[in-house]
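Input: a single structure, listed below in structure tokens.
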Amino acid sequence: MREFIRSIAGDSCWDFSYKEYNFLFAEQKYQSYYLFYFPSDRDQLLKLKKEAGDIFRAIKESKRYHSDMDKNITCILCLEVDNHAYYEASASGKVSDLGKIICLVEEDLNYFKKNVLLYTKEMDEFSQEHIGCLKSLCQEYFTEENFQSYKKSYGDNIEYDFLINLFIKIPFLSFEGYQPGNRKEYQSMEAFIKARLTEKELNLKLIEEICIHLEENLQDDDALFEYLDAMVKEQINEAGMTKEEQIHED
């Protein structure tokens, strides 16, 4: 899995050493940084949570450190588990022991954000067979047929399951960069919203201005209501409503 992750992160990826921990460190766009950790078991997963402060200090002492890394690091903990542990929560409908551990780790935001990426032995073997091939894998497996199959039983489609979890757990991966051809089934929320605004012929600039005004007045109730009243009256005037209609609107 380590080499597959390295191929995803690209040339910005380098080894980072701290005690016996197995790390990769990657820099991505917009001054975002990712610390990939490959624990051998659940105990090592929890150990990172306990030693996050020491690990962060080691990062600050490294030659590659610079101030942009402060508060901009996400740690991706890549843990291989057996099939039973991987599918246990879904099968039982309850939070498994592993699920509780994951919650403890991911809810801890001290020093850096943490995401836990689980995978099985079969998924690891699949990744090793396709190092450097993420885009072609997405083009092959991100289809409507595989999506419907995954919804029915994700245990029967480990390739799709594995790939979709990569995009969920690794923030710098974007569906827009990996979707097959010109398909729009997978797109960023920003792209989706802009497309719907265009479709509905809504004025995006006006919406942004309204949001800015609302944010500026959130702490002042009088100013907020005054702004809302003025906005409603302006809409009434633009619509040319009658006096009776205005009273009903108020």
Side-chain angles (χ1 to χ4, degrees), residues 1-9 18-24 26 34-52 55 73-131 133-134 137-138 140-175 178 185-186 189:
M1 185 61 64
R2 179 187 178 91
E3 293 310 310
F4 183 79
I5 294 296
R6 184 189 288 273
S7 71
I8 292 174
Y18 175 78
K19 294 184 177 180
E20 76 280 8
Y21 289 81
N22 186 359
F23 285 129
L24 283 176
Y34 299 88
L35 180 65
F36 289 94
Y37 173 45
F38 304 88
S40 59
D41 53 37
R42 303 181 190 190
D43 291 337
Q44 281 200 354
L45 193 71
L46 283 171
K47 193 175 181 182
L48 179 136
K49 175 181 177 296
K50 295 176 182 178
E51 297 188 29
I55 295 169
I73 297 176
T74 298
C75 182
I76 315 293
L77 301 96
C78 307
L79 178 65
E80 180 180 327
V81 295
D82 60 46
N83 285 4
H84 174 74
Y86 187 89
Y87 297 110
E88 182 180 10
S90 174
S92 65
K94 299 178 181 179
V95 179
S96 64
D97 291 338
L98 177 59
K100 293 175 183 178
I101 293 174
I102 292 173
C103 287
L104 284 174
V105 173
E106 292 191 335
E107 290 176 0
D108 175 39
L109 302 180
N110 292 322
Y111 303 103
F112 36 73
K113 188 178 183 299
K114 305 169 186 68
N115 292 344
V116 178
L117 171 65
L118 297 181
Y119 58 93
T120 65
K121 181 180 179 180
E122 290 80 4
M123 293 175 182
D124 185 42
E125 292 172 348
F126 174 72
S127 74
Q128 295 306 308
E129 293 171 1
H130 297 88
I131 293 173
C133 302
L134 180 59
L137 287 175
C138 292
E140 179 179 354
Y141 288 98
F142 285 166
T143 65
E144 179 65 23
E145 180 181 356
N146 281 327
F147 174 62
Q148 295 299 332
S149 172
Y150 175 75
K151 287 201 302 182
K152 293 178 181 178
S153 173
Y154 58 81
D156 294 331
N157 197 332
I158 65 166
E159 298 86 1
Y160 187 97
D161 190 12
F162 170 65
L163 292 171
I164 205 73
N165 279 330
L166 289 178
F167 284 85
I168 292 172
K169 295 296 185 176
I170 303 179
F172 65 77
L173 290 181
S174 167
F175 277 121
Y178 291 91
E185 287 89 341
Y186 304 100
M189 182 60 71

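None of these values were measured; they are calculated from a predicted model. Here, residue 1 is the first one in the sequence, and each next residue gets the next number.
- C78 and F36 get closest at one heavy-atom pair: SG-CD2, 4.2 Å.
- For N115 (side chain) and K169 (main-chain N/O), a donor-acceptor pair under 3.5 Å exists by modelled atom type.
- Residue L173 holds its CG atom at 12.0 Å from CG of N165, rounded to the nearest 0.5 Å.
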Evaluation steps, side-chain contact (heavy atoms from CB on, under 4.5 Å), between F112 and K114: CA-CA 6 Å; F112 36 73; K114 305 169 186 68; 3.8 Å; yes
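- Two residues are said to be in side-chain contact when any heavy atoms from C-beta on lie closer than 4.5 Å; L166 and I164 fail this criterion.
- Interatomic distance, Y160 OH to Y141 OH, rounded to the nearest 0.5 Å: 13.0 Å.
- Atom CD1 of I101 sits about 7.0 Å away from atom CG of D97, to the nearest 0.5 Å.
- Here K152 pairs with nothing under the side chain to side chain contact (heavy atoms under 4.5 Å, CB included) rule; sequence neighbours left out.
- Side-chain N/O atoms of N146 and S149 include no donor and acceptor closer than 3.5 Å.
- Residues Y150 and Q148 fail the side-chain proximity criterion, which asks for heavy atoms closer than 4.5 Å.
- For the atom pair I55 CD1 and C75 SG, the distance stands at 7.0 Å (nearest 0.5 Å).
- With contacts defined as side-chain heavy-atom distances shorter than 4.5 Å, the pair L118/L98 qualifies.
- The shortest side-chain heavy-atom distance between Y37 and Q44 falls under the 4.5 Å cut-off.
- The side chain to side chain contact (heavy atoms under 4.5 Å, CB included) test with V105 is passed by exactly one of L79, L45, L48: L45.
- Looking at residues two or more places apart in sequence or on another chain, you find a side chain to side chain contact (heavy atoms under 4.5 Å, CB included) between I158 and Y87, E122, M123.
- When all heavy atoms of E106 and V116 are compared, the closest pair comes out as OE2-N, 2.8 Å.
- Here the straight-line distance linking atom CZ of F142 with atom CG of L163 works out to 5.0 Å at 0.5 Å rounding.
- In this structure, Y18 has its ring center closer than 6.0 angstrom to the ring center of Y21.
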Step-by-step side-chain contact (heavy atoms from CB on, under 4.5 Å) determination, M1 to I5: CA-CA 6 Å; M1 185 61 64; I5 294 296; 4.1 Å; yes
side-chain contact (heavy atoms from CB on, under 4.5 Å) between K19 and E51, worked out: CA-CA 11 Å; K19 294 184 177 180; E51 297 188 29; 3.3 Å; yes
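- Rounded to the nearest 0.5 angstrom, D124 CG and E129 CD are separated by 10.0 Å.
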Test side-chain contact (heavy atoms from CB on, under 4.5 Å) applied to L24 and R6, step by step: CA-CA 8 Å; L24 283 176; R6 184 189 288 273; 3.1 Å; yes
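- The two residues D82 and A85 come nearest to each other via the heavy atoms OD1-N, 2.7 Å.
- Remark: D156 engages S153 in a side chain to side chain contact (heavy atoms under 4.5 Å, CB included) (not counting sequence neighbours).
- Among all heavy-atom pairs drawn from T120 and E80, the shortest one is C-CG, 4.1 Å.
- Residues satisfying the side-chain hydrogen bond (donor to acceptor under 3.5 Å, both in side chains) test with Y111, not counting sequence neighbours, are none.
- Listed by chain and residue number, nothing satisfies the side-chain hydrogen bond (donor to acceptor under 3.5 Å, both in side chains) test with Y119 (two or more places apart in sequence, or in another chain).
- Taking the centre of each ring, F162 and F167 stay at or above the 6.0 Å mark.
- For the pair K49 and E107, the salt-bridge criterion is not met [side-chain N within less than 4.0 Å of a carboxylate O].
- Within the structure, the salt bridge (Lys or Arg N to Asp or Glu O under 4.0 Å) test picks out the following pairs touching residues 39-48 (sequence neighbours left out): E20-K47.
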